[in-house]
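Comments concern the structure below.
In listed order, ligands and their atoms are each counted from 1. Positions are given from 1 along the sequence.
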Amino acid sequence: MSAVRSTQVGIVGGGPAGLLLGHLLARQGIDSVVLEARSRPYVEQRVRAGVLEQGTVDLLKANDLGERLQREGLVHEGLELRFDGIGHRIPLAELTGGRAITVYGQQKVVADLTDARLAAGGDLLFEVGDVSLHAIDSDAPSIHFRHDGADHELRCEVIAGCDGYHGVSRDAIPAGAVQVYVREYPFAWLGILAEAPPSSEELIYCHHERGFALHSLRSPELSRLYLQCDPSDELDVWPDERIWEELRTRFATRDGFTLNEGPVVDKLITPMRSVVVEPMQYGRLFLAGDAAHTVPPTGAKGLNLAVNDVRILAGALADWLASGASEGIARYSEQCLEKVWRVQHFSWWMTSMLHRPAGRDPFEHKLQRAQLRYVTRSRAAATTLAENYVGLAGA
Ligand code: APR
Ligand code: PHB
């Protein structure tokens with residue numbers, strides 16, 4: 001026997017997409033339950049992305065989620081492209097009428113959203129298991145799951161699949177009802193978090209014949225660094241000393257750049273792929289965030305795309321559930337996909353320009369160098385990068 005209860009919106013996944021959706025719905029008087037497979041400490045400690053577009057920051061602040069973000073977020077008005085041992089600054093704000101990015105770890109966004117939800121008395125269940133979706137093509141969908149050793153059924157008006165790339169929601173849609181576009185890249189990123197002060201105030205995207213490297217940060221004491229590696233590499237072939245050696249080599253400049261080093265406190269290899277599920281909706285199931293699409297991390301877009309989806313979904317669901325207006329939910333997928341594909345292109349472009357090509361193809365290497373020189377010399381080309389990086393207004 002299952003314990004049965006009802007809600008308006010059943011949200012599968014308590015990552016940024018699911019939690020923000022619950023928050024935005026609650027502000028419009030819509031009831032929801034968020035079901036998260038992992039424990040609270042796990043999701044709040046998991047080191048993920050960290051770059052927020054201007055529009056993402058504005059949305060979080062406008063919805064009472066800006067207090068710690070305002071205090072701890074690091075506003076960046078430029079970034080560096082480094083190749084041939086020389087750095088070139090792209091002045092993001094100057095090229096985009098003052099727009100900037102904010103470096104603020106995704107786990108902080110998740111912790112802020114979790115605090116806000118629990119403080120408001122919202123339903124958020126951690127460590128749910130055996131999640132399955134039922135009758136999503138009817139007007140009475142439900143979610144079955146286990147929690148605290150018991151079976152539960154959550155009856156909903158709508159289900160939001162916010163359970164990321166490895167979730168179950170996407171697979172609940174019958175094959176043939178959606179088209180899935182996939183691009184696998186022949187490289188992966190090895191990411192570390194190190195207790196070392198950042199070696200530069202701004203992010204450095206570095207093109208090197210040994211492979212791409214990225215310098216980022218989390219705070220004045222913590223550096224976040226990435227190295228292009230082989231997707232088949234296991235962590236044990238990357239002891240810390242090899243990572244530092246490789247980072248020093250790739251970031252080296254003609255004028256003697258020094259990379260600050262320190263204890264490595266987190267280490268992970270992530271494969272790189274682009275995926276889009278079209279449409280992002282089937283019956284009463286709406287996909288949002290990584291459940292619907294993933295991008296390679298080179299454009300720093302994953303979290304921002306997730307936020308854009310749920311902004312649109314929250315508005316559409318509120319209109320429909322409160323007043324029966326269905327235009328918004330009918331257009332949900334189409335509206336999200338416009339930005340999804342713009343961002344897919346940008347992420348693919350950044351990835352292709354910066355990574356060591358498969359097989360070290362010398363022709364491709366020459367094309368990359370030509371493109372990098374163009375982006376750093378032409379104001380028009382630099383503006384293309386900048387406006388996509390900070391987030392195009394309205395797309
Ligand atoms: N049931 C419940 N929760 C689940 C299930 C499941 N079957 N499967 C996965 N989850 C949870 C995960 O534990 C995770 O907390 O769903 C959440 C999905 O969160 P994310 O993967 O962070 O995805 P999303 O919220 O869409 O945010 C996108 O995350 O991967 C990054 O770079 C990406 O920044 C982007 C952001
Ligand atoms: C990060 O800080 O984790 C980060 C920054 C820029 C990216 C990807 C990740 O493109």
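- Close approach of ligand 2 to Pro297 is summarised as follows: ligand atoms under 4.0 Å from at least one heavy atom of the residue are 7 (C), 8 (C), 10 (O).
- Within the structure, the closest approach of Arg218 to ligand 2 falls below 4.0 Å when heavy atoms are considered.
- Geometrically, ligand 1 and His166 share no nitrogen or oxygen pair separated by less than 3.5 Å.
- Interface of Leu203 with ligand 2, defined as ligand atoms under 4.0 Å from a residue heavy atom, comprises 5 (C), 6 (C).
- Checking only distances, Tyr389 never comes within under 3.5 Å of ligand 2, N or O to N or O.
- Closest protein heavy atom to atom 31 (C) of ligand 1: Arg48 NH2, 3.2 Å.
- Look at Arg242 and Asp236 and you find no salt bridge, because none of the NZ, NE, NH1 or NH2 atoms lies under 4.0 Å from a carboxylate O.
- For the ring pair (Phe, Tyr, Trp, His ring centres under 6.0 Å) criterion with Phe212, the lone passing option out of Tyr226, Phe83, Trp189 is Trp189.
- Atoms of ligand 2 lying under 4.0 Å from at least one heavy atom of Leu214, given by number and element, are 5 (C), 6 (C), 7 (C), 8 (C), 10 (O).
- With a heavy-atom cut-off of 4.0 Å, His293 does not touch ligand 1 at all.
- Judged by the 6.0 Å distance and 45° axis criteria, Arg99 is not positioned over the aromatic ring of Tyr389.
- Residue Ala49 places no N or O, backbone or side chain, under 3.5 Å from any N or O of ligand 2.
- Of the N or O atoms in Pro16, one or more lie within a sub-3.5 Å distance of an N or O in ligand 1.
- Comparing Asn304, Ile143, Asp290, Val131 by heavy-atom distance to atom 26 (O) of ligand 1, the nearest is Asp290.
- Compare Glu127, Glu36, Gln107, Lys301 by their heavy atoms: the one nearest to atom 14 (C) of ligand 1 is in Glu36.
- Using a 4.0 Å heavy-atom cutoff, Tyr104 is absent from the residues neighbouring ligand 2.
- Contact annotation for Val103 and ligand 2: no heavy atom of the residue comes within less than 4.0 Å of the ligand.
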| said: Between Trp341 and Tyr181, does the ring-ring contact (aromatic ring centres under 6.0 Å, His included) criterion hold? Intermediate values first, please. | reply: CA-CA 11 Å; Trp341 279 111; Tyr181 298 87; 5.5 Å; yes

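- Summarising the geometry of Ile11 relative to Cys162, their closest heavy-atom pair is CG2-SG, 4.1 Å, with the distance given to 0.1 Å.
- Of all atoms in ligand 2, listed by their number and element, those nearer than 4.0 Å to a heavy atom of Val51 are 5 (C), 6 (C).
- Close approach of ligand 2 to Ala300 (heavy-atom distance below 4.0 Å) involves ligand atoms 6 (C), 7 (C), 10 (O).
- Not a single N or O atom of Trp189, backbone or side chain, sits closer than 3.5 Å to an N or O atom of ligand 2.
- Ion pairing of Glu44 with Arg40 is present here, as a side-chain N (NZ or NE/NH1/NH2) and a carboxylate O approach within less than 4.0 Å.
- Not a single donor-acceptor pair under 3.5 Å links the side chain of Thr294 to the backbone N or O of Asp290.
- Atom 25 (O) of ligand 1 has Ala17 N, 2.9 Å as its closest protein atom, hydrogens excluded (heavy atom only).
- If you look at Pro297 next to ligand 1, there are no close heavy atoms at all, none under 4.0 Å.
- In terms of protein heavy-atom proximity, atom 34 (O) of ligand 1 is nearest to Gln106 OE1, 2.7 Å.
- Under 4.0 angstrom from ligand 1, the non-hydrogen atoms of Asp163 come from both its backbone and its side chain.
- Contacts of Val43 with ligand 1, taken as heavy-atom pairs under 4.0 Å, involve the side chain alone.
- In this structure the side chain of Val343 never reaches within 4.5 angstrom of the side chain of Asn304, judged on heavy atoms.
- When atom types are taken as modelled, the side chain of Ser39 and the backbone of Tyr42 share a donor-acceptor pair closer than 3.5 angstrom.
- Ion pairing between Arg218 and Asp266 fails under the 4.0 Å rule for side-chain N and carboxylate O.
- Where the criterion is an N or O separation shorter than 3.5 Å, residue side chain and backbone included, Ala291 fails it with respect to ligand 1.
- Residue contacts with ligand 1 for Val12 involve side-chain atoms from C-beta outward but no N, CA, C or O (heavy atoms, distance under 4.0 Å).
- Using a cut-off of 4.0 Å between Lys/Arg side-chain N and Asp/Glu carboxylate O, Arg117 and Glu36 are scored as not salt-bridged.
- Residues Val33 and Ile143 fail the side-chain proximity criterion, which asks for heavy atoms closer than 4.5 Å.
- Remark: ligand 2 atoms within the under-4.0 Å shell around heavy atoms of Tyr205 are 6 (C), 7 (C), 10 (O).
- Of the polar atoms of Arg38, none of the N or O atoms is found under 3.5 Å from an N or O of ligand 1, judged by distance alone.
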